[in-house]
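Note that the coordinates shown come from a computational prediction; the quantities given were computed from them, not determined experimentally. Heavy atoms only: backbone and side chains are in, while hydrogens, waters and symmetry mates are out. Throughout, a chain's letter reflects where its sequence line sits, starting with A, and its residues are numbered from 1.
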Amino acid sequence: MSRLVPRIVKGFKDAPAASLHARRRMIETVRGVYESFGFEALETPAVEYVETLGKFLPESDQPDAGIFALQDGDEQWIALRYDLTAPLSRYVAQNIATLPLPFRRYQTGSVFRNEKPGPGRFREFTQFDVDTVGSASMVADAENCAVLARSLEALGLGGQVRIAVNNRKILDGVLERAGIAQGTLEAVTTLRAIDKFDKFGPEGVKLLLTTGRKDESGDFTKGAGLDAKAADTILAFMAAGQASRLATCDALGDAVRGSARGEEGVAELREIADLLSAMNLADETVAFDPAIVRGLGYYTGPVLEAQVTFEIKDEDGRTRQFGSVAGGGRYDGLVGRFLDRELPATGVSIGVDRLLSALDAAGRLDTGAAQGPVLVVVFDRAQMAEYVRIAEELRAANIPAEIFLGTGGMKPQLKYADRKGSPVAIIAGGDEFAAGTVSIKNLVLGAQVAATATTNEDFKAEAKAKAQVTVARSQMAATVRTMLADIAT
RNA sequence: GCCACCUUAGCUCAGUUGGUUAGAGCAUCGGUUUGUGGAACCGAGGGUCCCCCGUUCGAGCCGGGGAGGUGGUACCA
């Protein structure tokens with residue numbers, strides 16, 4: 001019979017203890033900020049009916065590629081959620097009679113995308129969202145910026161992030177000025193080209209706006225087919241960002257003059273600019289950036305993206321931009337799908353895994369590897385009840401303790417303690433039991449002794465002399481506690 | 001989806017023009033050392049050379065097809 005090969009599903013990953021520790025600390029910090037703005041907790045299921053997610057090919061009885069979908073017993077299509085926003089809109093619509101409106105909630109959880117994974121891109125990843133449903137006020141959008149800025153600050157990234165804000169209405173206005181009709185393929189391609197600015201620079205975007213662009217691998221991306229004049233209008237617009245938010249508003253106002261929709265977008269940004277100043281958010285922290293587009297699906301107003309400003313070196317030693325760790329915007333049409341009226345909404349989503357690796361790159365990751373438990377070495381199996389009592393005594397003193405449950409003698413047990421990161425081992429055999437004592441070994445100190453010892457005998461003798469004490473059973477918990485305190489400093 | 005590259009031990013890799021029994025380092029396990037982690041030394045286990053078909057007296061190596069992976073690109077709610 002052929003042996004089963006253990007393999008993890010492509011694009012998914014396991015999370016060992018060390019990474020979970022850092023992640024929990026991060027989520028707790030962000031949650032504190034979210035709650036300080038009045039957002040409340042919500043959890044929704046990992047699956048929804050596909051029509052809730054809003055992806056169903058009209059020409060096909062199969063849900064769109066890109067989501068993980070299956071048919072349940074009633075032949076209804078259900079799918080793993082691909083973001084937390086669509087489930088939120090379902091929840092609000094379903095409970096609108098009793099919810100406080102505007103409804104402000106935070107939520108974290110895994111989302112799933114059935115697509116080809118890339119470097120740093122997985123098919124399951126964690127988002128941490130805040131959204132405000134039922135308010136058209138620009139204060140909600142300004143608070144999106146603030147909540148992100150405060151969260152990133154609280155994580156130690158103050159001064160190393162830039163929150164870039166734009167408004168879809170302004171983009172629409174510029175397209176109008178360039179003579180591109182809304183909703184056409186030309187318009188969509190143009191917006192995508194603008195979104196590629198940070199990746200390909202002005203030359204690349206110009207190619208994408210006009211004839212198309214061929215990448216290094218030889219793949220060709222079709223251009224928007226604009227004439228040179230229209231392309232220049234777009235490029236000039238993208239460069240309109242100024243040092244201050246108000247100056248950028250002035251420049252954008254010029255760029256969209258005559259387009260009612262564009263001017264409305266600029267007016268919204270001006271309102272947001274006032275609010276940001278009132279919240280003491282500097283021009284460098286939250287900036288207006290005409291090249292921000294975000295997804296084409298559902299954003300209707302202000303959009304934003306949080307970017308880490310430092311560069312990182314990749315494996316090939318090249319420096320590159322870290323890129324964005326959070327994004328969001330206003331989506332006034334999404335909840336209305338379930339109601340007979342429109343319900344305005346806006347929110348942001350932190351990419352938890354991206355942000356964790358950004359913190360790692362910035363050296364701000366809380367790696368404080370959780371200290372392992374005290375290991376109770378099992379010497380004499382006939383005395384198991386006594387080892388259980390030892391462990392219970394330690395736990396009663398609030399010291400995490402574990403009894404070795406494997407097989408083998410002292411050597412494998414201490415090795416196990418090593419791998420587990422145990423700071424201390426309790427050793428009790430015939431001698432100790434007869435004398436009513438336990439031996440307590442400081443494994444951290446022992447490891448230091450090992451580094452200097454030359455022969456095996458030296459090591460053993462020295463480690464025993466320096467890193468081990470034998471005390472009366474009644475003194476055990478207190479001695480361990482002192483030893484743990486020593487190790488911690 | 002499209003393009004390029006890659007696949008040999010648990011991991012990282014070497015393997016000559018196509019030639020006998022496919023190697024190394026690390027890791028693992030055992031011993032030196034029955035109650036003390038590391039180092040050192042000695043020893044051991046571990047292989048469908050990704051799969052199938054073809055060429056050949058002979059294929060890890062050459063050809064065709066497939067699968068899986070990596071990177072780029074497209075899409076990204």
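Where A:Arg294 and A:Leu208 meet RNA chain B, the nucleotide closest to each residue was compared, and A:Leu208 sits on the side nearer the 5' end.
Heavy atoms of A:Asp418 sit under 4.0 angstrom from at least one base atom. A:Glu432 comes within contact range of at least one nucleobase, with a heavy-atom separation under 4.0 Å. As judged by a 4.0 angstrom heavy-atom cut-off over every strand, A:Phe379 is placed among the base-contacting residues.
In this structure, A:Arg213 atom CZ and B:A74 atom P are separated by 7 Å, rounded to whole Å. As rounded to whole Å, 10 Å separates atom C1' of B:A77 from atom CD of A:Glu115. Counting to the nearest Å, the C1' atom of B:G37 and the CG atom of A:Leu443 are 7 Å from each other. A:Ile487 places its CD1 atom 18 Å from the P atom of B:G37, with the value rounded to the nearest Å. In this structure, A:Tyr299 atom OH and B:C76 atom P are separated by 13 Å, rounded to whole Å. Put simply, CE on A:Met410 is 5 Å from C1' on B:G35, counting in whole angstrom units. Look at NZ on A:Lys214: it is 14 Å from C1' on B:G72, rounded to the nearest Å. Taking atom CG on A:Asp380 and atom P on B:U34, their separation rounds to 18 Å, with Å as the unit.
Within residues 182-196 of chain A, the residues that have a heavy atom under 4.0 Å from RNA chain B are, in order of number, A:Arg192, A:Lys196.
The phosphate of B:G68 (OP1 or OP2) has no side-chain N or O of A:Lys10 nearer than 4.0 angstrom. Checking the phosphate oxygens (OP1, OP2) of B:A74, no side-chain nitrogen or oxygen of A:Lys222 falls inside 4.0 Å.
If you take atom C1' in B:A67 and the same atom in B:G46, they sit 25 Å apart, rounded to whole Å. For the P atoms, the distance from B:G25 to B:G43 is 12 Å, rounded to whole Å. Annotation: B:G69 and B:U32 have their P atoms spaced 46 Å apart (nearest Å). If you take atom P in B:G60 and the same atom in B:C2, they sit 32 Å apart, rounded to whole Å. One P atom belongs to B:G72, the other to B:G64, and the distance between them is 27 Å to the nearest Å. Rounded to a whole angstrom, the distance from the P atom of B:C26 to that of B:U33 is 23 Å. Annotation: B:G19 and B:C3 have their P atoms spaced 34 Å apart (nearest Å). Between the P atoms of B:C50 and B:U16, the separation comes to 14 Å (whole Å).
One finds a salt bridge joining A:Glu392 and A:Arg395 here, because a Lys/Arg side-chain nitrogen approaches an Asp/Glu carboxylate oxygen to under 4.0 Å. The pair A:Arg104-A:Asp131 does not count as a salt bridge, with every side-chain nitrogen at least 4.0 angstrom from each carboxylate oxygen. Between A:Glu386 and A:Arg473 a salt bridge is recorded (basic side-chain N to carboxylate O distance below 4.0 Å).
Among B:G37, B:C76, B:U73, the nucleotide with an atom closest to any side-chain atom of A:Phe200 is B:U73. With distances taken from any side-chain atom of A:Lys116 to the nucleotides B:U36, B:G71, B:A77, the minimum falls on B:G71. If you check B:U36, B:C76, B:U73 against the side chain of A:Arg113, the one that comes closest is B:C76. Nearest to the side-chain atoms of A:Ala447 among the listed nucleotides B:G37, B:A77, B:U73 stands B:G37.
Qualifying side chain to side chain contact (heavy atoms under 4.5 Å, CB included) partners for A:Glu124, counting only residues two or more places apart in sequence or in other chains: A:Phe12, A:Ser110, A:Phe112. Residues meeting the side chain to side chain contact (heavy atoms under 4.5 Å, CB included) test with A:Gln127, sequence neighbours left out: A:Asp83, A:Leu84, A:Val111, A:Arg113, A:Phe125, A:Asp129, A:Ser349. In this structure A:Phe379 satisfies the ring pair (Phe, Tyr, Trp, His ring centres under 6.0 Å) test with no other residue, sequence neighbours excluded. Not a single ring pair (Phe, Tyr, Trp, His ring centres under 6.0 Å) links A:Phe197 to another residue, sequence neighbours left out.
Screening residues 470-489 of chain A for ring pair (Phe, Tyr, Trp, His ring centres under 6.0 Å) gives no qualifying pairs among residues at least two apart or on separate chains. For residues 411-450 of chain A, every residue pair satisfying the ring pair (Phe, Tyr, Trp, His ring centres under 6.0 Å) rule, not counting sequence neighbours, is listed here: A:Tyr387-A:Phe433, A:Phe404-A:Tyr416.
Secondary-structure stems of RNA chain B, taken as three or more successive Watson-Crick or G-U wobble pairs (i with j, i+1 with j-1) under a 3.5 Å distance threshold, comprise B:1-7 with B:67-73, B:10-13 with B:23-26, B:28-32 with B:40-44, B:50-54 with B:62-66.
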Taking distance alone, no hydrogens or angles, what donor-acceptor pairs closer than 3.5 Å link side-chain atoms of residues 183-190 of chain A to residues at least two apart or in another chain?
residue  : atom : partner  : partner atom : Å
A:Thr184 : OG1  : A:Ala181 : O            : 2.8
A:Thr184 : OG1  : A:Ala187 : N            : 3.2
A:Thr189 : OG1  : A:Leu185 : O            : 2.7
A:Thr190 : OG1  : A:Glu186 : O            : 2.7

Cut-off 3.5 Å, no hydrogens considered: what does the side-chain donor-acceptor table look like for residues 294-303 of chain A, sequence neighbours left out?
residue  : atom : partner  : partner atom : Å
A:Arg294 : NH1  : A:Glu305 : OE1          : 3.2
A:Thr300 : OG1  : A:Arg330 : O            : 3.3
A:Thr300 : OG1  : A:Asp332 : N            : 3.0

Show the atom names and distances, to 0.1 Å, of all donor-acceptor pairs under 3.5 Å that link a side chain in residues 87-96 of chain A to residues at least two apart or in another chain.
residue : atom : partner : partner atom : Å
A:Ser89 : OG   : A:Ala86 : O            : 2.7
A:Arg90 : NE   : A:Gln94 : OE1          : 3.1
A:Arg90 : NH1  : A:Glu48 : OE1          : 3.1
A:Arg90 : NH1  : A:Glu48 : OE2          : 2.6
A:Arg90 : NH2  : A:Gln94 : OE1          : 3.4
A:Asn95 : ND2  : A:Tyr91 : O            : 2.8

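For A:Gln468 and B:U36, a side-chain-to-base donor-acceptor distance below 3.5 Å is present, hydrogens and geometry of angles not being considered.
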Atom pairs under 3.5 Å, N or O on each side, protein against nucleotides 26-33 of chain B: can you list them with distances?
residue : atom : partner  : partner atom : Å
B:U28   : OP1  : A:Arg419 : NH2          : 2.7
B:U33   : N3   : A:Asn456 : ND2          : 3.3

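A donor-acceptor pair shorter than 3.5 Å can be found between the side chains of A:Glu432 and A:Ser439.
At distances below 3.5 Å, not a single donor-acceptor pair connects side-chain atoms of A:Gln475 with backbone N or O atoms of A:Ala472.
Between A:Tyr82 and B:A77, a base-stacking contact is recorded: ring centres under 5.5 Å apart, planes less than 30° from parallel.
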